[in-house]
S.K.: 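The structure under discussion is supplied below as structure tokens; questions concerning it will follow.
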Amino acid sequence: EAGVAQSPRYKIIEKRQSVAFWCNPISGHATLYWYQQILGQGPKLLIQFQNNGVVDDSQLPKDRFSAERLKGVDSTLKIQPAKLEDSAVYLCASSPWTSRFSYNEQFFGPGTRLTVL
Amino acid sequence: GQQLNQSPQSMFIQEGEDVSMNCTSSSIFNTWLWYKQEPGEGPVLLIALYKAGELTSNGRLTAQFGITRKDSFLNISASIPSDVGIYFCAGLSYGGSQGNLIFGKGTKLSVKP
């Protein structure tokens with residue numbers, strides 16, 4: 001079974017530029033998450049989708065971050081404009097479950113490492 | 001807000017030694033999860049704990065859900081070089097139909113052959 005795919009793996013941009021990340025979850029997984037992992041920290045949830053609906057985006061900086069999951073499959077996360085403090089690894093994860101039990105079985109992708117200069 | 005204190009931050013051990021790490025919080029959690037992350041990869045779930053007092057093993061790994069529901073421990077016995085990585089605890093609390101998952105800052109494990 002293919003895992004969670006993410007692209008690009010690395011991205012370097014200058015502050016105030018825009019950037020987009022793409023995630024393809026495991027086939028059939030209903031729940032998709034985006035996490036931000038700053039160097040030396042654990043992952044922090046940015047947004048959770050169930051199918052194509054947003055379940056939790058309470059920690060998403062909505063003035064500059066946006067995410068969508070059209071058709072309940074692939075997802076994109078966008079930052080516009082980027083700040084220096086956005087430098088981090090952006091992880092996508094998916095789960096076959098919905099509701100609160102979805103966290104018990106999450107599969108993470110390899111992440112996209114973003115450097116903002 | 002909820003926070004997890006994970007310790008130690010890093011460990012340098014000799015191959016064959018046992019390892020212990022823990023996670024504490026002032027908040028109560030319904031589930032504790034332990035992950036391992038290797039360079040350039042996402043975290044991989046090692047053990048999930050669902051009940052206070054629960055002790056669960058996965059090969060050489062053993063984890064426990066603290067009685068107070070505010071802490072958890074992970075032990076690795078007879079470490080080998082491939083145990084190298086960063087180990088994260090994560091606490092899950094339920095609010096309504098959804099959960100709230102927070103991660104510790106990780107314990108970086110180095111194993112000397």
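Bear in mind the structure is a predicted one, so any value in this text is a computation, not a measurement. No hydrogens, no waters, no symmetry mates; every other heavy atom, side chains included, goes into these values. In the text below, chain A, chain B and the rest are named by the order of the sequence lines, each starting its count at 1.
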S.K.: What part of Gln6(B) gets within 4.5 angstrom of chain A, counting heavy atoms only: side chain, backbone, both, or neither?
M.R.: neither

S.K.: Looking only at heavy atoms and a cut-off of under 4.5 Å, which of Pro43(B), Gly40(B), Cys89(B), Gly106(B) has the most pairs with chain A?
M.R.: Pro43(B)

S.K.: Using side-chain heavy atoms (C-beta onward) and a distance below 4.5 Å, is Gln41(A) in contact with Phe88(B)?
M.R.: no

S.K.: If Ile, Leu, Val, Met, Phe, Trp and Tyr residues are connected whenever their side-chain heavy atoms lie under 4.5 Å apart, and connections chain through other members, are Tyr33(A) and Trp97(A) in the same group?
M.R.: no

S.K.: So how far is it from Leu33(B) CG to Gln106(A) CD, rounded to the nearest 0.5 Å?
M.R.: 8.0 Å

S.K.: Heavy atoms only: give me the nearest Tyr103(A)-Tyr35(B) pair and the separation to one decimal.
M.R.: O-OH, 3.9 Å

S.K.: So if you build clusters from Ile, Leu, Val, Met, Phe, Trp, Tyr with side-chain heavy-atom gaps below 4.5 Å, do Trp34(B) and Phe108(A) land together?
M.R.: no

S.K.: Check the surroundings of atom CD in Glu15(B): do more than 12 heavy atoms from other residues, nucleotides or ligands lie under 6.0 Å from it?
M.R.: yes

S.K.: Looking at Leu39(A), I'd like to know if its CG atom is crowded, meaning that more than 12 non-hydrogen atoms belonging to other residues, nucleotides or ligands lie closer than 6.0 Å.
M.R.: no

S.K.: Go through Gln37(A), Arg113(A), Lys44(A) and name the one with the most non-hydrogen pairs under 4.5 angstrom from chain B.
M.R.: Gln37(A)

S.K.: Could you walk me through whether Asn104(A) and Tyr50(B) pass the side-chain contact (heavy atoms from CB on, under 4.5 Å) check?
M.R.: CA-CA 9 Å; Asn104(A) 296 343; Tyr50(B) 302 106; 3.5 Å; yes

S.K.: With a 4.5 angstrom heavy-atom cut-off, which part of Arg9(A) approaches chain B: side chain, backbone, both or neither?
M.R.: side chain

S.K.: Counting only non-hydrogen atoms closer than 4.5 Å, does Gln6(A) touch chain B with its backbone (N, CA, C, O), its side chain (CB onward), both, or neither?
M.R.: neither

S.K.: If you count the non-hydrogen atoms of other residues, nucleotides and ligands that lie under 6.0 Å from CD in Gln9(B), is the total more than 12?
M.R.: no

S.K.: So, do Leu101(B) and Tyr35(A) sit near enough that their side-chain heavy atoms are less than 4.5 Å apart?
M.R.: yes

S.K.: State yes or no: do Leu60(A) and Val19(A) share one hydrophobic cluster built from I, L, V, M, F, W and Y residues joined by side-chain heavy-atom distances below 4.5 Å, directly or via other members?
M.R.: yes

S.K.: So with a 6.0 Å cut-off around CD of Gln17(A), is the heavy-atom count from everything else above 12?
M.R.: yes

S.K.: Quick check for you: to the nearest 0.5 Å, what is the distance between Glu41(B) atom CD and Leu91(A) atom CG?
M.R.: 10.5 Å

S.K.: Could you tell me whether Lys71(A) atom NZ has more than 12 heavy atoms of other residues or ligands within 6.0 Å of it?
M.R.: no

